[in-house]
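Worksheet for the structure shown next.
Letters A, B, ... are given to chains in the order of the sequence lines, protein chains preceding strands, and every chain is numbered from 1.
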Amino acid sequence: MTWLLDDLDGDQATPDAVTVDEELLAGLNPQQREAVLYRGPALLIVAGAGSGKTSVLTRRIAGLIASREAWPSQILAITFTNKAAAEMRGRIRELVGSDADGMWISTFHSACVRILRRQAEVMGLKQGFTIYDTADSRALLKRILKELDADTLGFSVAGVANRISKLKNELTDVDLFARQVNMDDPKESAFLELFRRYTQGLRRANALDFDDLIAETVYLFRAFPDVAALYQRRFRHVLVDEYQDTNAAQYALIRELVRPVAPEHVPLDTRMRVGADGGIPAATLTVVGDSDQSIYAFRGADMRNIVEFEQDFPQAKVVLLEQNYRSTQNILDAANAVIGNNFDRVAKNLFTTGGAGERIVGYTGYSAHDEAQFVADEIEALKKAGETYDDVAVFVRTNAQTRPLEEIFIRSAIPYRIPGGTKFYERAEIKDAMAYLIQIANPDDDLALRRVMNVPRRGIGPATEAALQAHAERTGQTLRDAMRDAASLGLGAKVTGAILDLAKLLDDVAATAATAAPADILNTLLQQTGYLAGLRASGDAQDEARAENLEELVAQTREFRRQTPEGNLVDFLTGVALFAAADEIDDEDGSVSIMTLHTAKGLEYDAVFLTGVEEELLPHRISSGEPGGIAEERRLFYVGITRARKRLYVSLSMTRSLFGEPSVAMPSRFLQEIPASLIDWKQSPGDAAGRNAMRPRAVTSREGGRPKFSYSTSFPSDRPKKEWTSAVTATVRDNGDLTLAVGDRIRHTDFGEGRVTDVTGTGSKSIAEVQFDTAGRKRLLIKIAPIEKL
DNA sequence: GACCTTGGGTTTTTT
DNA sequence: ACCCAAGGTC
C-alpha cells in the first residue's frame, strides 16, 4: 500500500453527541458501550483478561468511521503482533467494509519501519536499510569485542547487547550516554567505546537494530518537526493495544504522535479544523491494557505507562472492563486468587455469568516425560470427547521444555506445532540465503556479505577476507566495493577469480533487483552460486534437509509476491525481520499448539495445559533475584491461566533436567495460591513426594521392540495409554538416605541389574551412573530412582 | 584452508 | 545436552 501523506488532511467533523448505530453496540455491556462511545482527548480502557477488549476497540474504530468523525486514513492502531493486527483489520472490515484497508493497523515496529523507509535520507540512512535481529546485532558486537579485546575486561556479547538495548529503549543514544558516563571508571569508558563502535558499525552497514526502529523514529520526529507534523496531522485517532507492555521509547513515540500541530506546520490550504491559534489540536489517544498482564519488563516494558496514564493525560477518562466472556468461574477464581498476591495493584475482579465449569486438573509427574505423557493422554481424552486439536494449547515457561513434549507427542501421534519454536529463519542455510538477499538490497551491509563470502565454499577464507577488509578500510569503501578490486591485491589467481566471480554475480543480480520478483532474485542466487546444487549433491541427509528448507524459502518468496504483488525485495526482507512467533499461529491447521507463556499472551483456547509449574522454572530462578521478578512471574502464570476457556490443567514434574543434569524440582509456590478446592489432583505433589511412598505402578510393556527413546530418570512411557490415565499411575518413591558407591550392584525396576560406575552430586541431587547388564549405561537420581541396593 | 576433536560456557521470556 | 570456539592435523 502506498500512502500519499500530503493528500491526507481531510475534513474532521466532530459532533458533540455521538450517534452510533445501535447495531454496532449489540451485545455490549454498559462499560463496553461507554468505551466504544466516549469521545475526548484520552481514554484508558482497563481491560481484564477476556473482557472483550478487541470487540470494543474494533467497534470504537468502526464508530468513528460510521459517524464520519474520521476518515479511515486518520486511524492509527498499534497492536502487539502482526497477527493481532491482521485480525483486527479483519474484524473492522466486517463492520465497515473496505474502509478498513485505508487504516494503519500494525505493530510499533512495522509502523516505524514504514515511516523510516519513507524518511530514510533525512536520518542519514538509505531506503533499503537492513533490520538487524538479535543474532545479527550480536554478531556485530562480537567482532567489536574481539577487536578491542574487550572480553579481558569482563564484557560478554550478551551482556553488552542487553545493556545497549536497555539504553536504547530508554532513548539514551551514544552521545547522551557519553555525557552521563563516568569516564574515570575504566569499565564504563570501555563500554562507551563498545557502544560507540556498535553504533558506527550499524551506521556504516546502513542498518538498524530492533530498538533503533522505535528510537530513531522518535529522534526523527524530534529533530524534524515538519516531518512529525505530517504524521500528527494525518493520524487523528491513535489507539494502542497492550499498553501495559510499552517501553519508554514507545511511550515517547506515542507522545510525539499525539502532540498538537503548531500553526507553522499547518498548510495554508488545510481543510482540517484549526484551533484559535491556527494550530491543529492533538489527535485523540485510546489505550487498552491490563497491568496484571504486563510480562515484558525484561525488554523495557514499563507498567508505569499504564498505571500513571491519568497523571500523564489529566483529562483522561478511564473505563474498567471486568466482566469476562472467556473462562469458567473456576478458572477465574483461580486467576483472581493468584494475582491477588501481587500487592501494589489496582484491585480488579474478573467474573462471568457463565457458571463454575470443570475443576482444574492437576498432575505431578515423575519426570518431564512422565508429565508430557499425562498431557498427551489428556489431550487424547479431550479429542475423544469431541474437542479439536486446534482448541488445545500447551504452555511452557522456557523453550527447552518443549523437547520432552514433542517427543511424547510424536510417539502418541498427536499433531502439534510450536509457534516460534521452528526458528525457520534462524537456520544457518536460511540465514545464508537471506544474507545474499540483504547484500543485494543493501550493498553497505558488510556483515551480510561476510557471512556468505565463502558459502558455499569458494576458497575465500579468513585470510583472504582480512585482506579484502583491510583494502576496504584503506580506501574507505565497502567490502563489496573492495571485492571488485581483488585483482590489485596480489592474492592467488584462483582466489582472485573466485572473488571477482562473486562480485560480478552480485552486481548482475543487483541490477535487476529494483523490478525483479524476490523469488527470481533468490533463485538466481541459489543457482548461480551453486549453493543449492552443492547441498543436493553431498549425499548427506542433513544437507538434503537444508536444500529443502531453501526450497521452502523460495516458496515463501513466491507466496509473498502472490499476496503483495507490488512487494519488492526490501518489503520481503522487512516482513521476515519483523515476523514474530505469534504470527505463525494458525488456529485451523488441526494441531495442538505448544508455546511459551509469553507467546500465549492475547490468545485463548478451550483447553490449556500449564506445564512445569515448579520452583526455579515458574517463577524462574533468574527472575527470583530481580526486583519485581516474582510479581512478574506471577503475572505470567496469571496470563497462562486466563487463556483457558473451559478446561485448565496444571502439571509439574518431580525432576527436571538442567544443563543435561537431572535435578529435583519442587512444586511452584503459585500452586498454593490457587484455592485447594479448585484443583482436582490426579496425582498431587504430596502423593508423589511422600516419604517412601510406594505405589503400585502399571506393568511395563514394550510392544514393538526397542523404544525410540530411553529415559534414564523416567519410566518408559510407552505403556498402553488407557492404563495410564485410568489406573493409579507412576511409581513415585523416595529412597531416603540411600547412598551408593562405585562398584555397588543395584536392581532397577525397569533396567534390571547393574553396577554403579560413578557417583556425582550431593544430597538429593546425587546421581549414579550405572552400567546395566542388559539395558546399557544410565544416569539415575539416587533419591528417587526405582532402584534397590543388592 | 578444511576438517576433526575437545573443552568451556550456557538458557528466561522476544520485537 | 548442546552449541560454539579454539587448536591440532591433514
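- Minimum atom distance to the side chain of Arg403(A) is reached by dC2(C), of the listed dA2(B), dT12(B), dC2(C).
- Counted within 6.0 Å of CZ on Arg255(A), heavy atoms from surrounding residues, nucleotides or ligands total more than 12; the atom is thus considered enclosed.
- The 5' end of DNA chain B is approached more closely, in terms of each residue's nearest nucleotide, by Ala400(A) than by the other of Asp211(A) and Ala400(A).
- Leu578(A) comes within 4.0 angstrom of no nucleic acid atom, judged by non-hydrogen atoms across all strands.
- Of the possible polar contacts, none joining the Ser137(A) side chain to the Asp209(A) backbone as a donor-acceptor pair under 3.5 Å is found.
- In this pair, Tyr296(A) does not lay its aromatic ring on the base of dT13(B); centres under 5.5 Å and planes under 30 degrees do not both hold.
- When atom types are taken as modelled, the side chain of Asn549(A) and the backbone of Phe424(A) share no donor-acceptor pair closer than 3.5 angstrom.
- Along DNA chain B, the nucleotide nearest to Gly459(A) and the one nearest to Leu636(A) differ in position, and the one closer to the 5' end is contacted by Gly459(A).
- For the C1' atoms, the distance from dT13(B) to dC4(C) is 23 Å, rounded to whole Å.
- Between His598(A) and Phe298(A), the ring planes are perpendicular. Angles over 60° get that label, and only those under 30° would be called parallel.
- Asp133(A) and Lys431(A) are joined by a salt bridge, as a carboxylate oxygen and a charged side-chain nitrogen come within less than 4.0 angstrom of each other.
- For Tyr296(A) and Phe80(A), the ring centers are positioned less than 6.0 Å apart.
- Within 4.0 Å of Arg621(A), counting heavy atoms only, lies no atom of the nucleic acid at all.
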Considering only nitrogen or oxygen atoms on both sides, find all protein atoms under 3.5 Å from nucleotides 6-8 of chain B and state each distance.
none

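- The base of dT15(B) sits within donor-acceptor range of the side chain of Thr134(A), with an N or O pair under 3.5 Å.
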